[in-house]
There are 2 protein chains.
Amino acid sequence: MDEKEQLDHVRERVIETIANNMNLYGVTDSIGRLYGMLYFQNHPMTLDEMKEELGMSKTSMSTSIRHLLELKMVEKVWKKGTRKDLYKAEEDWHQTFIDLFTIKWRSGISMNISAMSRAIAELEKIIESEDLGEEVRTAAKTDIEKMNAALQYYEWLNRLVDSFESGKIFDFIPKENNKE
Amino acid sequence: MDEKEQLDHVRERVIETIANNMNLYGVTDSIGRLYGMLYFQNHPMTLDEMKEELGMSKTSMSTSIRHLLELKMVEKVWKKGTRKDLYKAEEDWHQTFIDLFTIKWRSGISMNISAMSRAIAELEKIIESEDLGEEVRTAAKTDIEKMNAALQYYEWLNRLVDSFESGKIFDFIPKENNKE
DNA sequence: CAGTACGTTCAGTTTATTCTGTACGTACAT
DNA sequence: ATGTACGTACAGAATAAACTGAACGTACTG
């Protein structure tokens, strides 16, 4: 068997594994495959080249790349002389991981925090009502407790994401493992 | 307006927010809603009660609960006297977060690590071939480099998940925030 | 000013996922 | 044993997501 073929075959298998893994990040297989392909390509690619390489429509390449751009897994590259847009894969996966978390989680967290806070305030107002059945008051109180617990969690999560974003997480879990 | 209604309304809104957020964890809306509902219910529930409460089929409840069980977001509760299965929501969200990560990521990580390792070994074997075009050799070498970088990332991720699973992450990011 | 080479929007189609109702198996009760 | 109450497998229907090709807008080219 030809070595070039072997090489391609190994590459493809690895790309498939990467794509598969990227499901965990909330990314579809085909977008994952696109990323994997770009990662092993040693030069930025145009949409047409991607389309060619993956045998998919240009539309798909366009939307997939946009998706990857939003997640900062891919960046646009400028090259004079060509009118086509060029894209390359972000190579630092630690950074990719962090960006992904930051982008996807941050807004969700803050939405939850504000929703919980608002809800707690409303429940506290309800509790103040004079004419209130005892069982309703108890229910409101336990709800408030649960929401406070949730709030505490979201704030913890926020601090976790902070430590990702600032890179401080690497003080705690270093990129290089010295231990073994 | 009746206070009981208000209470229910607030609760529902919060549940909706939670469900929405759980998308980030790779869980569908309706499963998220089921979890949220269970979280605010102050007693374990049967499948029939859930079905009633959410207005969905019992089949859905059964499969959704199984899903939540797998993620350890819900646990089965025993109560003598009834033949029905009872389920309650895991209340500690920090723990839930950790379990989720551990369960969903661990296997993916190790699959990737082994896939990468195997691929690297194969490429190194290819490089050893005497009759090998120079450009193929170079390509193989850069691929190996990229795979090594990926490997380093996965090992980092594994150590991160370790710190979640062991609870050591809380030494670094404490559950209670003392700072502000 | 055409003319061409791009990327992207949009509507329709295909494919995958979620949801439901019926049917089934098991375990307990009588 | 017979009946009943439960959870779940399974197949089909409803819903959502991914993918495509044609049409469009923009920007560069001659």
Side-chain angles (χ1 to χ4, degrees), chain A residues 15-16 18-38 43-71 73-89 104, chain B residues 15-16 18-38 43-71 73-89 104:
Chain A
I15 288 173
E16 202 55 41
I18 291 171
N20 213 317
N21 186 244
M22 280 174 61
N23 284 333
L24 294 178
Y25 299 77
V27 168
T28 59
D29 268 45
S30 62
I31 294 185
R33 230 171 289 123
L34 173 59
Y35 175 82
M37 198 261 287
L38 281 170
H43 53 87
M45 291 182 89
T46 67
L47 293 180
D48 284 310
E49 286 169 338
M50 297 173 204
K51 162 194 146 115
E52 201 56 36
E53 186 77 23
L54 295 179
M56 291 178 76
S57 72
K58 198 172 177 180
T59 305
S60 279
M61 297 303 99
S62 176
T63 55
S64 296
I65 279 289
R66 193 194 316 160
H67 200 144
L68 287 171
L69 277 173
E70 278 163 12
L71 298 176
M73 301 189 76
V74 144
E75 58 179 353
K76 207 167 183 170
V77 171
W78 281 105
K79 188 181 167 188
K80 67 177 176 188
T82 178
R83 276 160 68 188
K84 304 198 185 200
D85 294 351
L86 288 164
Y87 299 95
K88 69 188 275 287
K104 289 194 74 177
Chain B
I15 288 173
E16 202 54 41
I18 291 171
N20 213 318
N21 185 244
M22 280 173 62
N23 285 332
L24 295 177
Y25 299 77
V27 168
T28 60
D29 268 44
S30 62
I31 293 183
R33 229 171 290 123
L34 173 59
Y35 174 82
M37 198 261 288
L38 281 171
H43 53 86
M45 290 180 89
T46 66
L47 292 180
D48 285 309
E49 287 169 338
M50 298 173 204
K51 161 195 148 118
E52 201 57 36
E53 185 77 22
L54 295 179
M56 290 179 75
S57 72
K58 196 172 178 179
T59 308
S60 280
M61 296 303 99
S62 176
T63 55
S64 297
I65 279 290
R66 192 194 315 160
H67 200 144
L68 287 171
L69 276 174
E70 279 164 10
L71 298 177
M73 302 189 75
V74 145
E75 58 179 353
K76 206 167 183 170
V77 172
W78 280 106
K79 187 181 166 188
K80 67 178 175 187
T82 178
R83 274 160 70 189
K84 303 197 184 199
D85 294 351
L86 288 164
Y87 300 95
K88 70 188 274 287
K104 289 195 74 178

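Small disclaimer: the values here were computed from a predicted structure and weren't measured.
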Starting at [atom1] of [X] and ending at [atom2] of [N], how long is that distance when rounded to a whole Å?
| X | N | atom1 | atom2 | answer |
| --- | --- | --- | --- | --- |
| B:Leu69 | D:dG7 | CG | P | 13 Å |
| A:Lys51 | C:dT8 | NZ | C1' | 14 Å |
| B:Lys80 | C:dA29 | NZ | P | 14 Å |
| A:Leu86 | C:dC6 | CG | P | 11 Å |
| A:Asp29 | D:dA18 | CG | P | 11 Å |
| A:Arg83 | C:dT4 | CZ | P | 12 Å |
| A:Met50 | D:dC19 | CE | P | 15 Å |
| A:Trp78 | D:dC28 | CH2 | C1' | 12 Å |

Side chain of B:Lys84 (C-beta onward), nearest among D:dA27, D:dC6, C:dT9:
D:dC6
So do the side chains of A:Leu38 and A:Ile65 get within less than 4.5 Å of each other, counting heavy atoms only?
yes
Decide yes or no for B:Lys88 and B:Val74: does some side-chain heavy atom of the first lie under 4.5 Å from some side-chain heavy atom of the second?
no
Does B:Arg66 make a side-chain N or O approach to OP1 or OP2 of D:dA9 shorter than 4.0 Å?
yes
Using modelled atom types and a 3.5 Å cut-off, is there a donor and acceptor pairing between side-chain atoms of A:Lys104 and backbone atoms of A:Tyr25?
yes
Drop me the distance from B:Thr46's OG1 to B:Glu52's CD, to the nearest 0.5 angstrom.
9.5 Å
Would you name the heavy atoms of A:Ile15 and A:Met37 that are closest together and state the gap between them?
CD1-CA, 3.7 Å
Do any N or O atoms of the protein come closer than 3.5 Å to N or O atoms of nucleotides 10-20 of chain C, and which pairs are they?
from: C:dC19; atom 1: OP1; to: B:Ser30; atom 2: OG; distance (Å): 3.0
from: C:dC19; atom 1: OP2; to: B:Ser30; atom 2: OG; distance (Å): 3.0
from: C:dT20; atom 1: OP2; to: B:Ser57; atom 2: N; distance (Å): 3.1
from: C:dT20; atom 1: OP2; to: B:Ser57; atom 2: OG; distance (Å): 3.1
from: C:dT20; atom 1: OP2; to: B:Ser60; atom 2: OG; distance (Å): 3.0

If we count only N and O atoms by modelled type, under 3.5 Å, do the side chains of A:Asn23 and A:Asp29 hold a donor and an acceptor together?
yes
